[in-house]
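One structure is given here, and the rest of the page talks about it.
Keep in mind it's a predicted model, so treat the numbers as computed, not measured. Per chain, numbering begins at 1; letters A, B, ... match sequence-line order.
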Protein chains: 2
Amino acid sequence: MARKPTVYDVAREADVSIATVSRVLRTPERVRPETRQTVLKAINLLGYLPSGSARSLAARRTNTIGLFLPNIDQLDQIGDFELVSEDAADIVVDPPHAQENNSDSLYFDEVLRGCELESWRQGLSLMVSIGLKGKDGDIPQLINSMSEKVDGLIVLARSVPDSVLAFLRKRLPVVMIANAPVNQESEFDLVRVSNRKGMYTLVRHLFEKHQVRQMAYMTGMDDSPDNGKRYEGFCEGLKSEGLEPSAAPIYRGQFSQSVAYQIAASLARQGTLPQALVCANDQMALGVLRALSDAGISVPDQVIVTGFDGIKEASVSQPRLTTVRQPMVDLGRAAVSTLVRRLGSPECPPISTELPVQVQLRESCEGTMV
Amino acid sequence: MARKPTVYDVAREADVSIATVSRVLRTPERVRPETRQTVLKAINLLGYLPSGSARSLAARRTNTIGLFLPNIDQLDQIGDFELVSEDAADIVVDPPHAQENNSDSLYFDEVLRGCELESWRQGLSLMVSIGLKGKDGDIPQLINSMSEKVDGLIVLARSVPDSVLAFLRKRLPVVMIANAPVNQESEFDLVRVSNRKGMYTLVRHLFEKHQVRQMAYMTGMDDSPDNGKRYEGFCEGLKSEGLEPSAAPIYRGQFSQSVAYQIAASLARQGTLPQALVCANDQMALGVLRALSDAGISVPDQVIVTGFDGIKEASVSQPRLTTVRQPMVDLGRAAVSTLVRRLGSPECPPISTELPVQVQLRESCEGTMV
DNA sequence: CATTTTAATGTAAGCGCATACACTAGAAAG
DNA sequence: CTTTCTAGTGTATGCGCTTACATTAAAATG
């Protein structure tokens, strides 16, 4: 690879000025067709590729947006990677449930897909990075190194410490997905789903179609607005039926299969299971399904179980899980869309969007379906 | 947001030269500690964030690498996205098998994860884009817009037309994942898995532990080296047992569940099922499982079925699928790792790495496991 | 045919940084 | 006390573009 050709090389080759070369690329309609052809020929001949850095610098915009995803698992635990070609293929026996899969990542992947898709359509480049929860003090190097290079940021809730967000917000538009940093809501654009409405609709369904009179709620420790709304929806559902929310038991654990498993198992032992166990997310619901199955309790005949999120596993579990599906891909697309609007009008008030969800009825409440 | 502060602002504030400001950021050890403090204070005060564009331009490198993923489905079919907040939550009944899921994308997501991870560790930014198969003629705008901004590229096989790759290769290091463009192998660094060895090991297992004497191979139309190697491994396995590869039937369809379903269904009707049906990928194998289940044929008692890839669905199917797991995340990591090496030594000969795979034994060959 | 308008191109000034080189003052060496 | 180094800092140039402005030629207008 010889030295990369620049505008100057192209200009010389085509015997025009560098301004004309630039115009051929940016505003072709402003240059005479014959000239354009000459220049394009030179570009092809030299294999010229403009420098993004120079362009961004001169144009004062990068046409790139950044996306922060939450930390996956324990990044710290991930060691160096060695490039060694091994020679044998292992054989391992893979027992069922071997993997307590952290399939939250799937959630992120879908959001990412949406961002990818929409930025592609908008002609923007997308930069992706893993957020660091780390200590809040100094802005972590990596968050910085990305922020330098983009016009705006999209941040999934809980990927980046609030304090860091506050700092970044001073220099860049930031669109939050799911939740804005507490006490700074008015500073950020926000895209989220209608958690309250989704849960409400689900609860109404349980009343109307299944004559459930008694339900319990299972959730994690997280008190994010995002999550709080789901509980609100639950309570409203109860009230709409003339029931007192405080009468419905609420079980708090963690948003994981294993913890939910334990809770459900102990409820089963004590014989204190409700008619319907409404879970704040799918992971918990899946744990519950396993626990009830192990305890010999039939779902949905004896107990109805519901989840929230619409992760892939929920559609292949035994029985398949009734859940409220979040439009993850659309979340990503909406975030990009919002960011683009924001870049267009930096001064307009915060944009907040709530995307509709979809209650998906499956066997964990409906009984056998074909 | 007022005008963004620059080195000049910081320099004035700290009463030093811009060179010193730059040094504080790049080579802190070369500036007196007191000066450093003053400058850092100014940086914080102003909320200064260096410009990536300017930096990259001056330093002649972006510290960013690009990743091209294959087109998902029909991008063309994806319409405009409207930012409307709807008010209701839909309720839909979700029948089983509603989704002929394009879970290849999961494969990409894992590779992406690996790239993310490793570039994070290497202190590089990662830019992600969807490749365009499109017409080969002119380099699509989007591939261009990304290539301008990165130091090197990682490309999943079949994301970008070979001709475009040939063009890009002239200007940038390009690391291929899975397959290099035909006839240009020697131009690209390559990271792939040991397909041949994996398939061979799997076939050996079927011979040794299951006394299978008669197997058939099912594959798609793709004749990529990547895929060809799997068949090679299959043949070698047969030969190692003294069998003639040509004696084993080979069924060609497409790498999809639905096509595989049809093939297997018709084999079942004709009563020409082999003892073991070795599939070139998991999607096909899953289709086969469904077909056999519908035909009332028991797996693995009557027919053994195996896949290749290790996608998530394969671990939750009924029965769970024996397969050869590709280390997708490691593929991504290895690709980044390779690219970094390449950037370090542009002139060294092509780097080709083969990562080991893992045969995962599950119920589709082993019978009931706990 | 002189004058105004328009289209096409060129000239030149940055964009915000990194860095080679120059410079200074004090420390080390003689 | 002079000379040589060295550490710390500043000066100035250029990275490869975009774009405001100037310039010129051709077309439109009266």
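- Under the 3.5 Å distance criterion, the side-chain polar atoms of A:Thr338 are matched with a main-chain donor or acceptor of A:Ala334.
- Between B:Glu29 atom CD and D:dT9 atom C1' there is a gap of 15 Å when expressed in whole angstrom units.
- In this structure, CD1 of B:Ile18 is placed 9 Å from C1' of C:dA18, rounded to the nearest angstrom.
- In this structure, A:Arg30 places its CZ atom 12 Å from P of C:dT9, rounding to the nearest Å.
- Among the heavy atoms of the strands lying under 4.0 Å from B:Val16 are primed sugar atoms or P, OP1, OP2 only; no base atom is included.
- Across C:dT9, D:dC17, C:dG16, the shortest atom-to-atom separation from the side chain of B:Ala54 is found for C:dG16.
- Inter-residue side-chain proximity for A:Ser53 and B:Arg61 is flagged as unmet; no heavy-atom pair is nearer than 4.5 Å.
- Heavy-atom nearest nucleotides on DNA chain D were determined for B:Ala58 and for B:Asp15, and the one closer to the 5' end corresponds to B:Asp15.
- In this structure, A:Arg23 reaches the bases: a heavy-atom distance under 4.0 Å links it to at least one base atom across the strands shown.
- What separates CZ of A:Arg61 from P of D:dT19 is a distance of 10 Å, to the nearest Å.
- DNA chain C is contacted by both B:Leu57 and B:Ala19; B:Leu57 maps to the nucleotide lying nearer its 5′ end (nearest heavy atom per residue).
- A:Arg171 has its CZ atom 11 Å from the P atom of C:dG16, to the nearest Å.
- Of the candidates C:dG16, C:dG10, D:dT18, the closest approach to any side-chain atom of A:Thr20 belongs to C:dG10.
- Look at CZ on B:Arg55: it is 19 Å from C1' on D:dC17, rounded to the nearest Å.
- In this structure, A:Ser22 reaches the bases: a heavy-atom distance under 4.0 Å links it to at least one base atom across the strands shown.
- Within 4.0 Å of B:Ser53, counting heavy atoms only, lies no atom of the nucleic acid at all.
- Rounding to the nearest 0.5 Å places CZ of B:Arg169 at 14.0 Å from CG of B:Asp162.
- A close approach under 4.0 Å does occur between a side-chain nitrogen or oxygen of A:Ser17 and OP1 or OP2 of C:dG10.
- The distance from atom CZ of A:Arg32 to atom C1' of D:dT24 is 13 Å, rounded to the nearest whole Å.
- Rounding to whole angstrom units, OH of residue B:Tyr48 and P of C:dG16 are separated by 10 Å.
- Side-chain contact between A:Arg113 and B:Leu69: present, with at least one pair of heavy atoms (C-beta onward) separated by less than 4.5 Å.
- With hydrogens and angles left out, the side chain of A:Arg60 and the base of C:dG16 share no donor-acceptor pair within 3.5 Å.
- The base of D:dC15 does not come close enough to the side chain of A:Tyr8 for any donor and acceptor atom to sit less than 3.5 Å apart.
- Distance check: B:Glu185 CD to B:Leu190 CG gives 8.5 Å after rounding to the nearest 0.5 Å.
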